[in-house]
Peer 1: 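Let me begin by handing over the structure; questions about it come next.
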Amino acid sequence: MATIRKQHGHYLEDFRPGSLLRHKGGKTITDGLFTLFTDFSFTPNPLSKNVRYARAYGYRGLVVPPGLVMGVVFSQSVEDISENARANLEYIDMRFGVPVCVGDTLEAETLILSVKPSTKNPNLGVVHVQTTGRNQDGDVVLTFQRKVQVWKKDPSAVVDDREVPPREIACAFSAPAYDPKRSYRELVPFSSPDTYFEDFTAGDVYEHVRGRVITTDHIMLTGILDNTSQVHCNQWMIDQDPERFVGGQLIVFGGIPFQLCLGLSSADVADNALGDVRYATGRHTAPSFAGDTLFAGTEVRATRDLPGRADLGLLDTVLRGHKFAKKNGAVEKIEVFYLEREIAVKRRSHYA
């Protein structure tokens, strides 16, 4: 009889640029998963709340909000990419494709683009990857790049520091076509009257008034997404070497503040959106821990036409998440999240 201890996840020296990893499992968006995360993140858009409304707009059913699409696809990549990571550093060129509705199944794969050892710490390095999620029909729902700081298993190991370019993934915003015969105007009371495209002005900054505390339920939420990274759930591991880990305690999975900040902003800037189009870049500027209360603000940088969709306009925004902490008797505002966000928003001229 043998005692077997398997390794799960890859260390820095395990990655090979050019490798394409098909992630295990896949995940179906069940009613329970959908409801838990849309309610947790304060998502008010009626496309994600009212199935009659969603179908009237031409969707097959309730529409999964972008934060949950990202959380599901990202989490499928964790065991292969970031289970042995210290921190997620940056999101790059995150683009949304076909809409995701309740009942859809999402599957993911990741291309390794580069591996760079740290010049300061021989135990660490950065892996740059491109992850793509598809639905049960093979249609792309999301593609993005990210950079993640990963531990070495052997500090003396030599890494494969080649670079390969990202793949050209066809992935563009998609929503049901505008149809003047549909009963859009009968549904006007279900969304906010002041969040149509015409209501936004470049330069405006929205300070979203709602906040939400992150409790230890973040561990359960992370597990439900199938994110197996140990820095979010293994307290015993943290306790053995607190100095090795960010904050010396369990860190909240970045997908949680990601979804929360999107949700906290939604009532003011995305209640009449048909979807998010692209996130040019995003990053967690400070860690979040259990007990933190998160808030958000949105800066409108530009308003412009959305090519091919006269019924919609595009908002170029910056979404920032923050928390407050007491330091030397004073209250300090700490930014925890930054996201350059493009949103496709309905025009009042067509829908109201």
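As the structure is a prediction and not an experimental result, all values here were calculated from the model. One-based numbering along the sequence shown.
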Peer 1: Would you find a donor on one side and an acceptor on the other, under 3.5 Å apart, between the side chain of Ser229 and the backbone of His232?
Peer 2: no

Peer 1: So, do Arg278 and Asp93 sit near enough that their side-chain heavy atoms are less than 4.5 Å apart?
Peer 2: yes

Peer 1: Using the rule given for side-chain contact (heavy atoms from CB on, under 4.5 Å), can you reason through Phe200 versus Thr317, listing the C-alpha separation, both sets of side-chain angles and the distance that settles it, and then say yes or no?
Peer 2: CA-CA 11 Å; Phe200 295 98; Thr317 71; over 6 Å; no

Peer 1: With heavy-atom distances below 4.5 Å as the criterion, would you say the side chains of Val100 and Val63 are in contact?
Peer 2: no

Peer 1: Enter the distance from Cys233:SG to Phe253:CZ here, rounded to the nearest 0.5 Å.
Peer 2: 12.0 Å

Peer 1: Could you tell me whether the side chain of Asp199 reaches within less than 4.5 Å of the side chain of Val345, counting heavy atoms only?
Peer 2: no

Peer 1: Enter the distance from His23:NE2 to Ser75:OG here, rounded to the nearest 0.5 Å.
Peer 2: 11.0 Å

Peer 1: Is there a donor-acceptor contact under 3.5 Å from the side chain of Glu163 to the main chain of Asp161?
Peer 2: no

Peer 1: Taking the side chain from Glu13 and the backbone from Asp154, do they hold a donor-acceptor pair closer than 3.5 Å?
Peer 2: yes

Peer 1: Nearest 0.5 Å, what's the CD-CZ distance between Glu107 and Arg22?
Peer 2: 6.5 Å

Peer 1: Test side-chain contact (heavy atoms from CB on, under 4.5 Å) on Ile81 and Ile112; report intermediate values, then the result.
Peer 2: CA-CA 9 Å; Ile81 305 302; Ile112 311 302; 3.7 Å; yes

Peer 1: When rounded to the nearest 0.5 angstrom, what distance separates CG in Leu47 from OG1 in Thr38?
Peer 2: 12.5 Å

Peer 1: Indicate, with yes or no, if the rings of Phe258 and Phe74 have centres closer together than 6.0 Å.
Peer 2: no

Peer 1: Would you say the side chain of Lys116 lies within less than 4.5 Å of the side chain of His128, judging by non-hydrogen atoms?
Peer 2: no

Peer 1: Looking at Leu339 and Gly282, what are the two nearest heavy atoms and their distance?
Peer 2: CD1-CA, 3.9 Å

Peer 1: Between Thr228 and Glu79, do the side chains contain a donor N or O and an acceptor N or O under 3.5 Å apart?
Peer 2: no

Peer 1: Do side-chain atoms of Gln76 reach the backbone of Gly133 as a donor and acceptor pair under 3.5 angstrom?
Peer 2: no

Peer 1: Check whether any side-chain heavy atom of Asp276 sits under 4.5 Å from a side-chain heavy atom of Ile343, and report yes or no.
Peer 2: yes

Peer 1: Same hydrophobic cluster for Phe144 and Leu111, using side-chain heavy-atom links shorter than 4.5 Å among ILVMFWY?
Peer 2: no

Peer 1: Determine, using ring centers only, whether Phe197 and Tyr351 are less than 6.0 Å apart.
Peer 2: no

Peer 1: Who passes side chain to side chain donor-acceptor pair (under 3.5 Å) against His10, sequence neighbours left out?
Peer 2: none

Peer 1: Between Arg95 and Ile169 (side chain of the first, backbone of the second, donor and acceptor by atom type, cut-off under 3.5 Å), is there such a pair?
Peer 2: yes

Peer 1: If I compare all heavy atoms of Thr28 with all of Gly103, which pair ends up nearest, and what's the gap?
Peer 2: CG2-O, 3.8 Å

Peer 1: For the backbone of Phe42 and the side chain of Arg210, can you confirm whether one donor and one acceptor N or O come within less than 3.5 Å of each other?
Peer 2: no

Peer 1: For the backbone of Thr105 and the side chain of Gln136, can you confirm whether one donor and one acceptor N or O come within less than 3.5 Å of each other?
Peer 2: yes

Peer 1: If we count only N and O atoms by modelled type, under 3.5 Å, do the side chains of Thr298 and Arg341 hold a donor and an acceptor together?
Peer 2: no

Peer 1: Atom CG in Leu21, atom CG in Asp80: separation rounded to 0.5 Å?
Peer 2: 5.0 Å

Peer 1: Using side-chain heavy atoms (C-beta onward) and a distance below 4.5 Å, is Val300 in contact with Thr201?
Peer 2: no

Peer 1: Is there a path from Leu33 to Leu62 through hydrophobic residues (I, L, V, M, F, W, Y) whose side chains come within less than 4.5 Å of each other?
Peer 2: yes

Peer 1: Closest heavy-atom contact between Pro287 and Ile251?
Peer 2: CB-CD1, 3.7 Å

Peer 1: Is there a path of hydrophobic side-chain contacts, each under 4.5 Å between heavy atoms of I/L/V/M/F/W/Y residues, joining Met70 to Phe173?
Peer 2: no

Peer 1: Quick check on the 6.0 Å ring-centre criterion: do His322 and Tyr338 meet it?
Peer 2: no

Peer 1: Above 12 or not: heavy atoms from other molecules or residues under 6.0 Å from CD of Glu207?
Peer 2: no

Peer 1: Within the 4.5 Å heavy-atom criterion, are Val231 and Val246 side-chain neighbours or not?
Peer 2: no

Peer 1: Ignoring hydrogens and angles, tell me if any N or O in the side chain of Gln130 forms a donor-acceptor pair with the backbone of Arg167 under 3.5 Å.
Peer 2: yes

Peer 1: With a 4.5 Å limit on heavy-atom distance, are the side chains of Phe337 and Leu260 in contact?
Peer 2: no

Peer 1: To the nearest 0.5 Å, what is the distance between CD on Gln235 and OG1 on Thr216?
Peer 2: 11.0 Å

Peer 1: Where is the tightest heavy-atom contact between Arg146 and Ser77, given as atom of each residue plus distance?
Peer 2: NH2-OG, 3.1 Å

Peer 1: Salt bridge (charged side-chain N to carboxylate O under 4.0 Å, His left out), that's the test. Do Asp311 and Lys346 meet it? Break it down for me.
Peer 2: CA-CA 6 Å; Asp311 58 310; Lys346 298 182 295 187; over 6 Å; no

Peer 1: Angle between ring planes, His208 versus Tyr206, binned at 30° and 60°: parallel, tilted or perpendicular?
Peer 2: parallel

Peer 1: Judged by atom type as modelled, is there a donor-acceptor pair below 3.5 Å linking the side chain of Glu198 to the main-chain atoms of Arg348?
Peer 2: yes

Peer 1: Taking all non-hydrogen atoms of both residues into account, name the closest pair between Leu315 and Val269 and its distance.
Peer 2: CD1-O, 4.2 Å

Peer 1: Please tell me whether Phe40 and Leu294 are part of a single hydrophobic cluster in this structure, the criterion being side-chain heavy atoms less than 4.5 Å apart.
Peer 2: yes

Peer 1: Could you list all the side-chain hydrogen bond (donor to acceptor under 3.5 Å, both in side chains) pairs where at least one residue sits in residues 169-190, not counting sequence neighbours?
Peer 2: none

Peer 1: Identify the heavy atoms of Tyr91 and Arg283 that sit nearest to each other, and give their distance.
Peer 2: CD1-N, 4.2 Å

Peer 1: Is the backbone of Asp139 close enough, under 3.5 Å, to the side chain of Asp137 for a donor and an acceptor to pair up by distance?
Peer 2: no

Peer 1: How far apart are the C-alpha atoms of Arg304 and Glu342, what are their side-chain angles, what is the distance that settles it, and do they pass the side-chain contact (heavy atoms from CB on, under 4.5 Å) test?
Peer 2: CA-CA 10 Å; Arg304 51 194 172 99; Glu342 299 175 10; 3.6 Å; yes

Peer 1: Could you check whether Asn45 and Ser266, counting side-chain N and O atoms only, form a donor-acceptor pair closer than 3.5 Å?
Peer 2: no

Peer 1: Examine Val78 and Met220 and state if one hydrophobic cluster contains both, with Ile, Leu, Val, Met, Phe, Trp and Tyr joined whenever side-chain heavy atoms are less than 4.5 Å apart.
Peer 2: yes

Peer 1: With a 6.0 Å cut-off on the ring centroids, do Tyr279 and Phe96 count as close?
Peer 2: yes

Peer 1: Under 6.0 Å between the ring centres of Phe295 and Phe324?
Peer 2: yes

Peer 1: With side-chain contact (heavy atoms from CB on, under 4.5 Å) as the test, would you mind laying out the steps for Lys152 and Tyr11 before giving the verdict?
Peer 2: CA-CA 5 Å; Lys152 276 186 172 183; Tyr11 290 90; 5.7 Å; no

